[in-house]
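Below: one structure, written as structure tokens.
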Amino acid sequence: DIEEKFAPKLVFFIGNTNILQDSPKVSVIGTRTPSQNGKKNAERLTKFLVENGVVVVSGLASGIDAIAHRTTIESEGKTVAVLGTPLDKYYPYENHTLQDEIMNHHLAITQFKIGTPIQRSNFPIRNRTMALISDASIIVEANDGSGTYHQGWEALRLGRPLFILEDNLKNKGLEWPKKLIEYGAKVLPMDQLSIILDVLPIYVREVRVHE
């Protein structure tokens, strides 16, 4: 099966693994250099997900990823950081306080063992794992050369729902939205965010009744 084929053989984690089990999970991803509008959309989208009991997954990069993690924490939601580094490294270093907060109160996951060097090739591998553990992925804002685009392909390859915020289509110079839409990505208007909830699995918690 395609999920087994792409799943990492081994993952390392620090934090609360129950976060993965009892709620739907959505990746909120995007450029490291967002516009003001992109930042605002990332915050609004993340707050909406938290309000609806969704665990927010992202890659702890600068820009949209960091906004998604921070907004989740400030909104008292749950977040998962999928790292492109071993657990004892920070990249970028500016997010070290955020990474520590996630390790202490949320969940950080990586497939890179301690001692693995940080290199560019780690991040596309990280993106695949992020797409794999998420029930859906949402691209907030990205440029044509962005690694975010790579995760979009990974989500589609895995048969997971992929959404692109509608504002990306207003930039006529961008090629990547057209390509991903051609292969099944859906456009998500900011005033219709509830569309996301329709594709998420319902997690039913087991309730024990004491007689």
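Side chains included, hydrogens not; waters and symmetry mates left out as well; all remaining heavy atoms used.
Atom CG of Leu132 sits about 12.5 Å away from atom CG of Asn127, to the nearest 0.5 Å. Rounded to the nearest 0.5 Å, atoms CD1 (Ile19) and CG (Leu107) are 5.5 Å apart. Rounding to the nearest 0.5 Å gives a distance of 8.5 Å between CE of Met190 and CG of Asn37. Here the CG atom belonging to Leu156 is positioned 9.0 Å from the OG atom belonging to Ser137, to the nearest 0.5 angstrom. Remark: Leu20 CG to Lys78 NZ distance equals 10.5 Å, nearest 0.5 Å. Phe112 contributes atom CZ, which lies 4.0 Å from atom CG of Asn122 (distance to the nearest 0.5 angstrom).
Taking 4.5 Å as the limit, some side-chain heavy atom of Asn168 sits within range of a side-chain heavy atom of Trp176. Proximity of Val54 to Ser23: side-chain heavy atoms (C-beta onward) are nowhere separated by under 4.5 Å. Using a 4.5 Å heavy-atom threshold, the side chains of Ile196 and Leu45 count as touching. Residues Thr110 and Thr85 are not in side-chain contact: their nearest non-hydrogen atoms beyond the backbone lie 4.5 Å or more apart. A heavy-atom distance below 4.5 Å is not found between the side chains of Val199 and Lys186.
Lys113 NZ: 12 or fewer foreign heavy atoms inside a 6.0 Å radius. The 12-atom threshold is not exceeded at CD of Glu76, counting heavy atoms of other residues, nucleotides or ligands nearer than 6.0 Å.
Here the closest non-hydrogen pair linking Gly59 and His69 is N-NE2, 3.8 Å. Counting all heavy atoms, side chain and backbone alike, Ile133 lies closest to Arg160 at N-NH1, 4.4 Å. Pro24 and Pro201 make their closest contact through CB-O, 4.0 Å (heavy atoms, listed as atom of the first residue, atom of the second, distance). The two residues Gly173 and Asp144 make their nearest non-hydrogen contact at O-OD2, 3.7 Å. The two atoms that bring Ala61 and Asn95 nearest to each other are O-ND2, 3.4 Å, heavy atoms only. Taking each heavy atom of His106 and Gly77 in turn, the nearest pair found is CE1-O, 3.1 Å.
In this pair, Tyr90 and Tyr93 present their aromatic rings perpendicular. The plane angle is above 60°, beyond the 30 to 60° band. Using cut-offs of 30° and 60° on the angle between ring planes, the pair Phe123 and Tyr91 is tilted.
Residues Phe13 and Val82 share a hydrophobic cluster, clusters being chains of Ile/Leu/Val/Met/Phe/Trp/Tyr side chains in contact below 4.5 Å. Under the 4.5 Å side-chain heavy-atom criterion for grouping Ile, Leu, Val, Met, Phe, Trp and Tyr, Ile64 is not connected to Leu60 through any hydrophobic cluster. One hydrophobic cluster, built from ILVMFWY side chains closer than 4.5 Å, cannot hold both Met130 and Ile125; they sit in different ones. A continuous path of hydrophobic side-chain contacts links Val56 to Ile195 [ILVMFWY only; heavy atoms under 4.5 Å]. Transitive grouping of hydrophobic side chains (ILVMFWY, heavy atoms separated by less than 4.5 Å) keeps Val55 and Leu200 in distinct clusters.
Using modelled atom types, one side-chain atom of Ser58 and one backbone atom of Val28 make a donor-acceptor pair closer than 3.5 Å.
Sequence neighbours left out, not one pair with a member in residues 43-55 passes side chain to side chain donor-acceptor pair (under 3.5 Å).
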Discussion item. Determine whether Arg157 and Glu154 satisfy the following criterion, salt bridge (charged side-chain N to carboxylate O under 4.0 Å, His left out), listing intermediate values before the conclusion.
Written reply: CA-CA 5 Å; Arg157 191 176 288 134; Glu154 293 295 350; 3.1 Å; yes
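Residue Ile164 forms a side-chain contact (heavy atoms from CB on, under 4.5 Å) with just one option from Leu169, Thr148, Val187, and that option is Leu169.
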